[in-house]
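Data block below; observations after.
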Amino acid sequence: TIVKKLFLKGQIVTLNTELTFEQAEEIALEYDVICTMEEKVDVIGELLAEEDDPEDTLVPRPPVVVVMGHVDHGKTSLLDAIRKTNVTSREAGGITQHIGAYMVKINGEPITFLDTPGHEAFTAMRMRGAQATDIAVLVVAADDGVMPQTVEAINHAKAAGVDIIVAINKIDRPAANIDKVKQELSEYELIPEDWGGSTIFVPVSAKTGEGISNLLEMIILTAEVKELKANPNRKARGLVIEAELDKGKGPVARILVQKGTLHVGDFIAAGACSGKVRAMMNDKGVKVKSAGPSTPVEILGLDSVPNAGEVFVATENDKEAKAFAATFISESKNKLIEDTKAKLSLDDLFSQ
Ligand code: GDP
Ligand code: MG
């Protein structure tokens, strides 16, 4: 339909031609009147779709690791413990920041860690076909075993197709039962290597530090096999990890750059928001001028607060950024309608 439309306007395109933002916007605006919901979501898909970067532009990038698991099983403690193995005592006192994402260097190799994204963030990423992480560390408390959010985390990780490494935490506790956790996880096709399976299980204690270096080693090994790469020399693109409105600074977004390099002064769009990167801070709260692939940064300069899980793109200019955001706004409306519909039908299901 789009091809036909542009053709009628005297523009010759094929299915493989990349649309300009202006064209996409024009189509989206027009479709407001004439197209069905599904077709319009396709327009967004077209906006977000892009070809893979050519092989010869790719260079190795750090792995992005998400820590997931049931509440209170020790995700945050584990992230803290990992970070402690990495910071010097001089730095250690200065850490007060809220952790959403950070980068550590293990034997000189950088790894980016993310705390569990919320449910909505996951759903949003999936909707956009975006993949935030390469490896999921599934934290299961050895004294508690598999719980509802453990299963939820497994499902999310499997749906996203990421490698799962199991960290059996709290092994310092007297009630710890490692075999029981292994048994329970086997029911979800996570079978330890010593039981003939292929999942890496690492017993750890975030409290005593036992097993942490082993866990990090397993993460590095898993990442090496994946040969993760990205093109740093292109416009940045990535995901919003979390965002909020700061009274003094305005909208603050913590983002993960996935491809390209983001610079202070770049125009960007993130979901329904747009703006210009006014300032950028790394995970240590230090101002930086640029951020390459797999780097988490905090940015200022968006005109509103984007949703967690939304894709951000750096654009050529202000106009492109605004057009992108505008298209998202019209799509969001549709999504709301679809969500309502889906919810209604679910409710119908339960009331029978
Ligand atoms: P989260 O909800 O998964 O982020 O869990 P937290 O990291 O907040 O930990 C929940 C509770 O478990 C806290 O009271 C921690 O101190 C405790 N905890 C976490 N890891 C360990 C561990 O390895 N051993 C023991 N004994 N307690 C732990
Ligand atoms: Mg936590």
Side-chain angles (χ1 to χ4, degrees), residues 64-87 92-93 95-104 106 111-123 125 132-133 135-158 160 162 164-182 184-185 188 190 192 199-219 239-244 252 254 256 283-285 296 298 308-309:
V64 179
V65 180
V66 67
V67 176
M68 308 173 79
H70 195 71
V71 64
D72 282 346
H73 278 198
K75 299 176 294 291
T76 304
S77 306
L78 195 63
L79 282 164
D80 285 345
I82 289 167
R83 208 157 59 138
K84 263 181 226 146
T85 64
N86 196 241
V87 292
I95 296 168
T96 48
Q97 264 179 290
H98 162 74
I99 314 165
Y102 64 81
M103 227 169 182
V104 298
I106 309 296
I111 306 177
T112 297
F113 281 95
L114 303 182
D115 209 339
T116 318
H119 210 59
E120 280 158 38
F122 262 114
T123 311
M125 286 178 208
T133 59
I135 297 168
V137 170
L138 180 69
V139 181
V140 186
D143 59 347
D144 205 20
V146 172
M147 298 301 274
Q149 284 164 276
T150 314
V151 177
E152 214 170 88
I154 294 170
N155 291 337
H156 276 306
K158 281 191 176 167
V162 300
I164 299 174
I165 295 177
V166 178
I168 304 180
N169 190 32
K170 307 197 187 185
I171 55 165
D172 60 286
R173 290 226 169 133
N177 189 340
I178 295 174
D179 276 350
K180 183 166 164 274
V181 175
K182 287 183 175 175
E184 288 173 352
L185 284 175
Y188 298 91
L190 296 175
T199 306
I200 299 171
F201 279 64
V202 188
V204 298
S205 167
K207 191 178 172 188
T208 67
E210 191 182 345
I212 302 287
S213 58
N214 194 10
L215 175 64
L216 292 170
E217 210 172 292
M218 291 305 146
I219 291 170
L239 292 169
V240 175
I241 299 164
E242 50 186 16
E244 71 215 9
V252 175
R254 281 177 211 104
L256 173 72
D283 55 334
K284 278 130 198 123
E298 189 173 285

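Just so you know, these numbers come straight off a predicted model, no measurement behind them. Numbering of ligands and ligand atoms starts at 1, following listing order. Here, residue 1 is the first one in the sequence, and each next residue gets the next number.
For ligand 1, the polar-atom distance check finds no N/O of Leu78 at less than 3.5 Å from any of the ligand's N/O atoms. Taking only nitrogen or oxygen atoms, main chain and side chain alike, Ala206 reaches within less than 3.5 Å of ligand 1.
Per-atom contact check: atom 7 (O) of ligand 1 touches the protein, criterion being a heavy-atom distance below 4.0 Å. Distance screen at 4.0 Å: atom 13 (C) of ligand 1 has no protein heavy-atom neighbour inside the cut-off.
Closest protein heavy atom to atom 9 (O) of ligand 1: Ser77 OG, 3.5 Å.
Across every non-hydrogen atom of Met218 and Ile165, the tightest pair is O-CD1, 3.8 Å. Here the closest non-hydrogen pair linking Ala101 and Asp283 is O-CB, 3.7 Å. What you find for Ile168 and Phe201 is that their closest heavy atoms are CD1-CD2, 3.7 Å.
For the residues His70, Lys207, Lys75, the heavy atom positioned nearest atom 1 (P) of ligand 1 is part of Lys75. When the heavy-atom distances from atom 22 (C) of ligand 1 to Asp143, Asp172, Leu79, Asp72 are ranked, the shortest goes to Asp172.
The Mg ion (ligand 2) has no N, O or S atom of Ser77 closer than 2.8 Å.
One finds the CG atom of Asp143 at 9.0 Å from the NZ atom of Lys180 (value rounded to the nearest 0.5 Å).
Annotation: Glu244, atom CD; neighbour count of heavy atoms from other residues, nucleotides and ligands within 6.0 Å is above 12.
For ligand 1 and Val71, the ligand atoms under 4.0 Å from any heavy atom of the residue are 2 (O). Heavy-atom contacts of Ser205 reach the following atoms of ligand 1: 23 (O) (cutoff under 4.0 Å).
If you look at His73 next to ligand 1, the close heavy atoms, those under 4.0 Å, all belong to the backbone.
If you check the side chains of Asp144 and His73, you find a donor sitting under 3.5 Å from an acceptor.
No side-chain heavy atom of Val66 sits less than 4.5 Å from a side-chain heavy atom of Val162.
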